[in-house]
Visitor: 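Pasting a structure below so you can have a look.
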Amino acid sequence: MDKTLQGIWLPLVTPMRAGRVDLRALQRLAAYYQDAGLDGLVLFGSTGEGNLLSVSEKVDMISALRADPGGLPLAFGVGGVDTRGVAALMQRLEKYAPTAWLVAPPYYLCPGQQGMLWHYRELAWATRHPIIAYNVPKRTGSALTVATLERLHAELPAVIGVKECDPVALAALRGRGSMPAICGEDMALLEHWTAGGQAAIPASAHLFPELHVALRRQARQGDGQAAGATFATLRHLIRLLFAEPNPAPLKKALALQGWIEDELRPPMMPASEALAARLRKALCGLTYSGSSAGRSPSTTPARRPAADAQNHR
């Protein structure tokens, strides 16, 4: 697999406070996930409410994270209806040198396979940095087939892999070895790692990230029993995190832990109080089971960034 993106890359939430991006909370989260052993961060995806952020907000976030010269590598999510608009955004952010772009097919329009191939060809011309395709039909309305993904990878060297959210397609790509497949379905993580998968972008790794690191390590070492036990610990929480529209449950859980405010940018709304009660119970259960991964800001020493960033912009 291309070594540009391996391991656990977190599709980072965008902390908000009073309608603005909370850059200080963003830096605290990034330091925490680096200390926990994660491998990189993906900014501006659906978990990060990327389509609700302005370009200037995205630049502020990049600058805040890059203030720590030893921080985790960053990939940028981009997407939209119009290929030309997506290309224009990539060109505006090009100078910030992402490790890779995470790019979904055009939303809503439901183009066919040839149209999606054209989309990625055009975007490959717009950047000097690698592209990871993002196959997420429930959000875009279009599904890249395994054959199309293989053709994309063969014809465009810039397309180095795919974040695949369909467990069946993920297994097919992994088995065929024709295109690097990154797990985008959190409930498929155990199968992915034990079958030799090399990378994942799991939103659930925001919570108890050290357990996710342990899960991957155990699977890579061939300790299926330990990996199964670790995943069993996480399974119920993962289900709760997707019980309502992402990232509302995730932000609720992080707020319960004290990391961020429970705030999303409209039209996204906070998770229900009923789900909050279930999340609180699940978090307490994991915390008191002996895991050290449920630390809160009050118990986690914060590494100060090399240059302080303004808290709200």
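We count residues from 1, following the sequence as given. Because the structure is a prediction, the values reported are computed rather than measured.
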Visitor: Ion pair present between Arg278 and Glu273, side-chain N to carboxylate O less than 4.0 angstrom?
Guide: no
Visitor: Answer with yes or no after comparing the ring centroid distance for Trp193 and Phe231 against a 6.0 Å cut-off, counting only values under it.
Guide: no
Visitor: Return the CG to CG distance between Leu241 and Leu279, rounded to the nearest 0.5 Å.
Guide: 6.0 Å
Visitor: Quick one: do Glu94 and Arg128 make a salt bridge, cutoff under 4.0 Å?
Guide: yes
Visitor: From Met61 CE over to Leu26 CG, what is the distance, rounded to the nearest 0.5 angstrom?
Guide: 5.0 Å
Visitor: Using salt bridge (Lys or Arg N to Asp or Glu O under 4.0 Å), reason through Glu191 and Arg174 one step at a time and then give a plain yes or no.
Guide: CA-CA 11 Å; Glu191 178 185 355; Arg174 195 172 53 232; 3.7 Å; yes
Visitor: To the nearest 0.5 angstrom, please state how far the CZ atom of Arg220 sits from the CG atom of Leu215.
Guide: 12.0 Å
Visitor: Mind listing the closest non-hydrogen atom pair of Pro209 and Ala205 along with its distance?
Guide: CB-O, 3.3 Å
Visitor: Search all heavy atoms of Ala30 against all heavy atoms of Leu65 and return the closest pair with its distance.
Guide: CB-CD2, 3.5 Å
Visitor: Do Glu150 and Ser178 have side-chain atoms, one donor and one acceptor, less than 3.5 Å apart?
Guide: yes
Visitor: How long is the straight-line distance from CE of Met16 back to CD1 of Ile260, given to the nearest 0.5 Å?
Guide: 10.0 Å
Visitor: I'd like to check the ring pair (Phe, Tyr, Trp, His ring centres under 6.0 Å) partners of His206; sequence neighbours left out, ordered by chain and number.
Guide: Tyr33
Visitor: Between Asn135 and Glu164, do the side chains contain an N or O donor and an N or O acceptor separated by less than 3.5 Å?
Guide: yes
Visitor: Could you point out which residue of Lys58, Arg265, Lys251 forms a salt bridge (charged side-chain N to carboxylate O under 4.0 Å, His left out) with Glu49?
Guide: Lys251
Visitor: Can you tell me how far CG of Leu156 sits from CG of Leu117, rounded to the nearest 0.5 angstrom?
Guide: 8.0 Å
Visitor: Please determine which of Phe44, Trp9, Tyr134 meets the ring-ring contact (aromatic ring centres under 6.0 Å, His included) test together with Phe76.
Guide: Phe44
Visitor: What's the separation between atom CG in Leu250 and atom CG in Leu240, rounded to the nearest 0.5 Å?
Guide: 12.0 Å
Visitor: Using side chain to side chain donor-acceptor pair (under 3.5 Å) as the criterion, list what pairs up with Thr194, not counting sequence neighbours.
Guide: none
Visitor: Between Ala104 and His119, what is the shortest heavy-atom contact and its length?
Guide: O-NE2, 3.2 Å
Visitor: Which pair of non-hydrogen atoms, one from Pro202 and one from Leu189, has the smallest distance, and what is that distance?
Guide: CB-CD1, 3.8 Å
Visitor: So Ile132 and Ile182, do their side chains get closer than 4.5 Å, heavy atoms only?
Guide: yes
Visitor: Write down the atom of Leu52, the atom of Pro266, and the distance for their closest heavy-atom approach.
Guide: CD1-O, 4.1 Å
Visitor: With Arg151, which residues qualify under salt bridge (Lys or Arg N to Asp or Glu O under 4.0 Å), at least two apart?
Guide: Glu155
Visitor: Minimum heavy-atom separation for Pro270 and Lys252, please, with both atom names.
Guide: CB-NZ, 4.4 Å
Visitor: Can a donor-acceptor pair be found, under 3.5 Å and without considering hydrogens, that links the side chain of Gln27 to the backbone of Ala64?
Guide: yes
Visitor: Establish, from distance only, whether the side-chain atoms of Ser54 and Ser56 form a donor-acceptor pair under 3.5 Å.
Guide: yes
Visitor: Side chains of Thr230 and Thr233: do they bring a donor and an acceptor to under 3.5 Å?
Guide: no
